[in-house]
2 protein chains.
Amino acid sequence: MEIEEAFGKVLRKIRVEKSISQEELAHLCGLDRTYISLMERGKRKPTINTIFALAKGLNESPGDLVIETENLLHL
Amino acid sequence: MEIEEAFGKVLRKIRVEKSISQEELAHLCGLDRTYISLMERGKRKPTINTIFALAKGLNESPGDLVIETENLLHL
DNA sequence: TTGTAGACTACTGTCGACA
DNA sequence: ATGTCGACAGTAGTCTACA
């Protein structure tokens with residue numbers, strides 16, 4: 001599995017757990033809704049700044065997002 | 001301080017601690033030497049894949065790189 | 001050994017629209 | 001509420017070269 005695919009799964013999992021829509025998350029972190037969609041499906045590789053923005057919108061630690069991604073990749 | 005600036009400081013700190021040159025690190029993680037230089041000085045925002053590549057080259061966990069970046073930002 | 005510059009390619013991220 | 005498309009601007013990342 002590619003890194004961006006794992007990250008997308010983590011992103012979607014956390015978002016759904018919090019019952020937030022893509023549109024709400026986009027608004028919370030100042031990103032475009034269609035871009036959230038692309039990331040969740042592993043079609044984009046976010047920069048470090050985007051990772052921090054997503055974490056803030058999800059009320060999570062950026063490091064935790066990355067660690068969960070590592071775990072999915074059994075790294 | 002900007003996120004990419006904090007990340008650059010973390011990157012340089014770990015690299016210097018391990019006594020690796022930019023050129024060696026570049027070779028270890030399959031990136032360009034001049035790009036390592038740019039990142040260390042906060043002039044670039046690496047993607048998640050690049051963060052994983054750097055972590056591998058440094059024998060570190062990607063999540064730890066991000067957590068150290070958070071700490072520098074007192075987040 | 002590192003910083004910088006310029007020129008370049010590929011991709012990140014935005015936006016409007018429609019299923 | 002989400003996926004997708006096309007067009008677009010800006011930037012990530014490479015490479016050669018020189019101080």
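Below, all heavy atoms of this structure are taken into account, side chains as well, without hydrogens, waters or symmetry copies. Here is the naming used below: chain letters follow the sequence lines, and residue numbers restart at 1 for every chain.
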**Q** Find the distance Leu25(B):CG to dT1(C):P and express it as a whole number of Å.
**A**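 So the two atoms are 13 Å apart, to the nearest Å.
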**Q** Any idea which of dT4(D), dA12(D), dT16(D) is nearest the Thr34(B) side chain?
**A** dT16(D)
**Q** With a 3.5 Å cut-off and heavy atoms only, can you find an N or O donor on one side and an acceptor on the other between the side chain of Arg33(A) and the base of dG3(D)?
**A** yes
**Q** To the nearest Å, how far apart are Leu11(A) CG and dT2(D) C1'?
**A** 14 Å
**Q** Return the value, rounded to whole Å, for the distance between atom CD1 of Ile20(B) and atom C1' of dT2(C).
**A**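 Going from Ile20(B) (CD1) to dT2(C) (C1'), I get 16 Å.
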**Q** Round to a whole Å and report the spacing from NZ of Lys45(B) to C1' of dG13(D).
**A**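 Taking NZ of Lys45(B) and C1' of dG13(D), I get 15 Å after rounding.
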**Q** Arg15(B) has a side chain; which of dG13(D), dT2(C), dG3(D) sits nearest to it?
**A**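 Shortest atom-to-atom distance from the side chain points to dT2(C).
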**Q** Taking Glu70(A) for its side chain and Ser61(B) for its backbone only, find out whether a donor-acceptor pair lies under 3.5 Å.
**A**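 No; zero donor-acceptor contacts below 3.5 Å.
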**Q** How do Glu40(B) and Thr47(B) order along DNA chain C: which one's closest nucleotide is nearer the 5' end?
**A**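 With Glu40(B) and Thr47(B) compared, the 5'-side residue is Glu40(B).
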**Q** Which nucleotide in the list dT2(D), dC15(C), dT1(C) gets nearest to the side chain of Ser21(B)?
**A**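 Closest nucleotide to the Ser21(B) side chain: dT1(C).
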**Q** Whether Arg44(A) contacts dT4(D) is assessed here as follows: a side-chain N or O lying under 4.0 Å from the phosphate OP1 or OP2. Is that the case?
**A** no
**Q** Rounded to whole Å, please give me the gap between CZ in Arg12(B) and C1' in dT2(C).
**A**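 Rounded to whole Å, this separation is 8 Å.
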**Q** Are there over 12 heavy-atom neighbours, none belonging to Lys43(B), within less than 6.0 Å of that residue's NZ?
**A** no
**Q** Minimum heavy-atom separation for Leu28(A) and Gly57(A), please, with both atom names.
**A** CD1-O, 3.6 Å
**Q** Looking at dG13(D), dT2(C), dT2(D), which one has an atom nearest to any side-chain atom of Gln22(B)?
**A**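 Output: dT2(C).
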**Q** From CD1 of Ile3(A) over to P of dT12(C), roughly how many Å is that when rounded to an integer?
**A**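 Between P of dT12(C) and CD1 of Ile3(A): 12 Å.
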**Q** When you check the gap from the basic side-chain N to the acidic O, do Glu68(B) and Lys9(B) get nearer than 4.0 Å?
**A**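 No.
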**Q** Separation of Ile48(A) atom CD1 from dT11(D) atom P, in whole Å?
**A**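 It is 17 Å, rounded to the nearest whole Å.
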**Q** Starting at NZ of Lys43(B) and ending at P of dG10(D), how long is that distance when rounded to a whole Å?
**A** 19 Å
**Q** Kindly indicate, with the supporting measurements, whether the criterion side-chain contact (heavy atoms from CB on, under 4.5 Å) is fulfilled by Thr47(B) and Arg44(A).
**A** CA-CA 10 Å; Thr47(B) 64; Arg44(A) 286 291 189 279; over 6 Å; no
**Q** Using a heavy-atom cut-off of 4.0 Å across all strands, would you classify Leu31(B) as base, sugar-phosphate, or nothing?
**A**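 Answer is sugar-phosphate: Leu31(B) comes under 4.0 Å of backbone atoms only.
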**Q** Which sits closer to the 5' end of DNA chain C, Leu38(B) or Met39(A), going by the nucleotide each is nearest to?
**A**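 The residue whose closest nucleotide sits nearer the 5' end is Leu38(B).
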**Q** Quick one: is dG3(C) close enough that its OP1 or OP2 comes under 4.0 Å of any side-chain N or O from Ser37(B)?
**A**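 Result: yes.
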**Q** Between dG13(D), dT2(C), dT12(C), spot the one nearest the side chain of Thr50(B), thanks.
**A** dG13(D)
